[in-house]
Trainee: 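Okay, here's the structure, questions in a sec.
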2 protein chains.
Amino acid sequence: MPNNQFKRGELYSFMTGKASTAIARRLQKNFKQVGIDITVEQWSVLYHLWKQDGMSQQELCNATFRDKPSITRLVDNLEKQKLVKRVASKDDRRMNLIYLTDEALKLETQTLEVANTTLNEALDGVGPDNIAICKEVLQIVYDNLK
Amino acid sequence: MPNNQFKRGELYSFMTGKASTAIARRLQKNFKQVGIDITVEQWSVLYHLWKQDGMSQQELCNATFRDKPSITRLVDNLEKQKLVKRVASKDDRRMNLIYLTDEALKLETQTLEVANTTLNEALDGVGPDNIAICKEVLQIVYDNLK
DNA sequence: TTTGGTTAGTTGCATAACTAACTATATGCC
DNA sequence: GGCATATAGTTAGTTATGCAACTAACCAAA
């Protein structure tokens with residue numbers, strides 16, 4: 001049973017994710033502005049590798065909420081840019097373990113600063129309580145649908 | 001001056017829009033399931049045309065928060081599927097006015113039902129007050145960055 | 001009326017997404 | 001061991017996005 005009914009005008013912004021598109025665009029622009037030449041999607045992969053280096057592609061799929069072909073190509077492109085290296089696992093030769101290069105390790109601090117700046121631009125004028133509630137709602141939405 | 005500082009773990013979900021990705025995927029899946037053969041991006045264009053038929057491509061850019069090439073191609077594909085027609089404006093021959101076909105008019109009610117269902121799936125377990133706050137926050141984010 | 005700037009739309013190129021089909025390796029059961 | 005099945009990753013085809021460069025039409029000022 002539906003717990004909410006929406007008037008037609010209310011559907012749209014929720015369904016199309018304008019806010020998250022706007023954040024992604026701004027983040028991309030801010031990367032560019034400080035001379036960081038990676039896409040936001042590549043950043044999302046690096047983000048998880050900074051937390052735990054040597055993840056498999058499948059683990060990156062789960063972490064980034066992307067499918068396998070997407071990760072294959074993101075890793076392809078990151079490899080081209082010499083930011084990661086594929087290493088075949090010795091335990092299970094089906095698996096590639098993805099390792100950061102020194103180059104990529106250097107990007108961590110710099111990109112997190114840019115991400116922080118971007119988020120502050122985005123949330124300017126929003127109170128901390130409402131940010132918390134919004135995060136919570138988005139988490140529930142994700143859990144409901146993933 | 002930043003009004004919020006984020007711990008590293010808090011950045012990610014906001015920046016990558018997992019929730020909106022999940023909603024878009026589910027909406028796409030639900031369209032497919034009831035035999036509606038359009039992409040969610042095409043739906044977002046039709047959505048505005050149902051409200052106001054005969055918009056120009058530039059107006060669709062503003063309404064859908066997409067750039068001009070994106071709209072050009074979405075309209076290309078919608079035209080291929082015989083859901084819209086480009087009509088050169090008589091007042092200003094640079095402009096294309098985009099008109100819905102009868103086929104597309106029939107889709108309105110059906111897709112809005114699917115969208116409503118999808119949103120109810122997404123927001124299951126979220127209280128109305130929190131939904132309102134979340135919408136408000138996302139609107140501010142959008143306004144801050146657009 | 002001509003020139004220069006602006007606006008509407010298109011095209012080309014690179015990256016990314018989803019689906020489906022594929023290869024290769026691993027695993028479990030007989 | 002051998003076969004069926006599952007898992008990890010790749011490839012191919014279609015759609016979509018962002019950016020930059022382009023054409024065509026409009027408009028305003030000299």
Side-chain angles (χ1 to χ4, degrees), chain A residues 16-18 20-33 37-45 54-81 83-84 86-98, chain B residues 16-18 20-33 37-45 54-81 83-84 86-98 145-146:
Chain A
T16 54
K18 279 194 196 184
S20 64
T21 304
I23 290 180
R25 273 187 213 167
R26 179 62 65 91
L27 179 60
Q28 183 73 71
K29 188 179 145 193
N30 289 348
F31 279 158
K32 194 170 185 176
Q33 209 149 43
D37 199 29
I38 58 174
T39 66
V40 293
E41 294 85 359
Q42 290 171 352
W43 177 77
S44 79
V45 172
M55 292 173 82
S56 73
Q57 295 190 195
Q58 184 57 54
E59 285 170 331
L60 286 172
C61 290
N62 302 334
T64 64
F65 196 47
R66 290 181 164 82
D67 67 356
K68 289 192 292 174
S70 295
I71 291 297
T72 292
R73 269 151 226 185
L74 283 171
V75 172
D76 284 348
N77 286 329
L78 285 167
E79 220 173 15
K80 270 190 227 159
Q81 295 178 254
L83 293 173
V84 305
R86 279 183 172 93
V87 177
S89 165
K90 287 177 183 173
D91 298 338
D92 184 339
R93 280 182 308 158
R94 289 172 304 180
M95 285 201 288
N96 294 330
L97 305 182
I98 312 301
Chain B
T16 53
K18 280 194 196 184
S20 65
T21 303
I23 290 180
R25 272 187 214 166
R26 179 62 64 93
L27 180 59
Q28 184 72 73
K29 187 179 147 194
N30 288 348
F31 279 159
K32 194 169 186 180
Q33 209 149 42
D37 199 29
I38 59 174
T39 66
V40 294
E41 294 84 359
Q42 290 172 350
W43 177 78
S44 79
V45 171
M55 293 174 80
S56 72
Q57 295 189 195
Q58 183 58 54
E59 286 170 330
L60 286 171
C61 292
N62 303 334
T64 63
F65 195 48
R66 289 181 165 81
D67 68 355
K68 289 194 291 174
S70 294
I71 291 298
T72 292
R73 273 151 224 185
L74 282 171
V75 172
D76 283 349
N77 285 330
L78 285 167
E79 221 174 13
K80 270 188 226 158
Q81 296 178 251
L83 293 172
V84 305
R86 279 184 172 92
V87 177
S89 165
K90 287 177 183 174
D91 298 338
D92 183 339
R93 282 180 305 157
R94 288 171 305 179
M95 283 201 290
N96 294 331
L97 305 182
I98 313 301
L145 299 183
K146 80 176 170 211

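Here is the naming used below: chain letters follow the sequence lines, and residue numbers restart at 1 for every chain.
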Trainee: Contact between A/Arg66 and A/Ser44 at the side-chain level, heavy atoms closer than 4.5 Å - yes or no?
Mentor: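 They are in contact (side-chain heavy atoms under 4.5 Å apart), so the answer is yes.
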
Trainee: For the side chain of A/Arg94, starting at C-beta, report the closest nucleotide among C/dA8, C/dA24, C/dA17.
Mentor: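 Side chain of A/Arg94 sits closest to C/dA24.
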
Trainee: Should the side chain of A/Arg73 and the base of D/dA12 be counted as holding a donor-acceptor pair, with the cut-off at 3.5 Å?
Mentor: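 A donor-acceptor contact between them is present.
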
Trainee: From A/Leu97 CG over to A/Arg86 CZ, what is the distance, rounded to the nearest 0.5 angstrom?
Mentor: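 Reported value, rounded in 0.5 Å steps: 11.5 Å.
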
Trainee: Figure out the NZ/P separation between A/Lys18 and D/dT17, and round it to whole Å.
Mentor: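 After rounding, the gap between these two atoms is 13 Å.
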
Trainee: CD of A/Gln28 versus P of D/dT17: gap in Å, rounded?
Mentor: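 After rounding, the gap between these two atoms is 15 Å.
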
Trainee: Check the distance between C/dA16's C1' and B/Glu41's CD and give it to me in whole angstrom.
Mentor: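 Spelled out: CD on B/Glu41 to C1' on C/dA16 is 12 Å.
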
Trainee: Check every strand shown and say whether B/Asn96 touches a base, only sugar-phosphate, or nothing at a heavy-atom separation below 4.0 Å.
Mentor: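 Result for B/Asn96 = sugar-phosphate.
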
Trainee: Out of B/Glu79, B/Arg73, B/Lys80, which residue meets the side chain to side chain donor-acceptor pair (under 3.5 Å) rule with B/Asn77?
Mentor: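 Exactly one candidate clears the test, B/Lys80.
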
Trainee: Spell out yes or no: do the side chain of A/Arg66 and the base of D/dG9 have one donor N/O and one acceptor N/O closer than 3.5 Å?
Mentor: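 There is none.
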
Trainee: Between C/dA26 and A/Arg93, is there an OP1 or OP2 to side-chain N/O distance shorter than 4.0 Å?
Mentor: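 For A/Arg93, the contact criterion (side-chain N or O under 4.0 Å from OP1 or OP2 of C/dA26) is met.
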
Trainee: At 4.0 Å (heavy atoms only), tell me whether A/Thr72 reaches a base, stays on the sugar-phosphate, or touches nothing.
Mentor: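 It contacts base atoms.
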
Trainee: Distance check needed: C/dC18 P versus A/Asp67 CG, whole Å only.
Mentor: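 The answer, rounded to whole Å, is 5 Å.
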
Trainee: Can you check the A/Ile98 CD1 to D/dG9 C1' distance for me, whole Å?
Mentor: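 Atom-to-atom, A/Ile98 to D/dG9, this comes out as 10 Å.
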
Trainee: I want to confirm an ordering. Mapping A/Asp92 and B/Thr21 to their closest nucleotides on DNA chain C, which one lands closer to the 5' end?
Mentor: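 Its nearest nucleotide lies further toward 5', so the answer is B/Thr21.
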
Trainee: With a cut-off of less than 4.0 Å, is there a side-chain N or O of A/Gln57 near OP1 or OP2 of D/dT10?
Mentor: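 Checking D/dT10 against A/Gln57, a side-chain N or O does come within under 4.0 Å of OP1 or OP2.
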
Trainee: For A/Ser56, which contact category applies under a 4.0 Å heavy-atom criterion: base, sugar-phosphate, or nothing?
Mentor: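 Sugar-phosphate, no base atom in range.
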
Trainee: Nearest whole Å is fine: how far is D/dT10 P from A/Glu79 CD?
Mentor: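 Whole-Å distance recorded here is 9 Å.
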
Trainee: If we ignore angles and hydrogens, is there a donor and acceptor under 3.5 Å between the side chains of A/Ser89 and A/Asp92?
Mentor: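 A/Ser89 vs A/Asp92: no donor-acceptor pair found between side chains.
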
Trainee: Among the candidates D/dA25, D/dA12, C/dA16, find the nucleotide nearest to the side-chain atoms of A/Gln42.
Mentor: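 Minimum distance to the A/Gln42 side chain belongs to C/dA16.
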
Trainee: Once you apply a heavy-atom cut-off of 4.0 Å, does B/Leu74 come out as touching a base, just sugar-phosphate, or nothing?
Mentor: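 The answer is sugar-phosphate, as B/Leu74 gets under 4.0 Å only of primed atoms, P, OP1 or OP2.
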
Trainee: Looking at the side chain of B/Pro69, which of D/dA16, C/dT10, C/dG9 is the nearest nucleotide?
Mentor: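 Nearest to the side-chain atoms of B/Pro69, counting from C-beta on, is C/dT10.
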
Trainee: For a quick check of understanding: with a heavy-atom distance under 4.0 Å over all strands, which category does B/Asp76 fall into, base, sugar-phosphate or nothing?
Mentor: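 B/Asp76: no heavy atom of the nucleic acid under 4.0 Å.
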
Trainee: Return the value, rounded to whole Å, for the distance between atom CG of A/Asp37 and atom C1' of D/dC19.
Mentor: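 That distance rounds to 13 Å.
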
Trainee: Closer to the 5' end of DNA chain D via nearest nucleotide, is it B/Gln81 or A/Lys29?
Mentor: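 Closer to the 5' end of DNA chain D: B/Gln81.
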
Trainee: Given C/dA17, is OP1 or OP2 found less than 4.0 Å from the side-chain N or O atoms of A/Ser70?
Mentor: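 So the side-chain polar atoms of A/Ser70 do come within 4.0 Å of the phosphate oxygens OP1 or OP2 of C/dA17, strictly under.
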
Trainee: Side chains of B/Arg25 and A/Phe65, heavy atoms from C-beta outward: is any pair under 4.5 Å?
Mentor: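 In contact.
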
Trainee: Respond yes when some side-chain nitrogen or oxygen of B/Arg86 is under 4.0 Å from OP1 or OP2 of C/dT10, and no when none is.
Mentor: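 Affirmative; the distance criterion is met.
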
Trainee: Taking atom C1' of C/dT23 as reference, at what distance in whole Å does atom NZ of A/Lys68 sit?
Mentor: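 It works out to 11 Å between those atoms.
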
Trainee: Flag the pair B/Val75 / B/Val84 as yes when at least one side-chain heavy-atom distance between them is below 4.5 Å, and no otherwise.
Mentor: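 Result yes, sub-4.5 Å side-chain heavy-atom pair found.
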
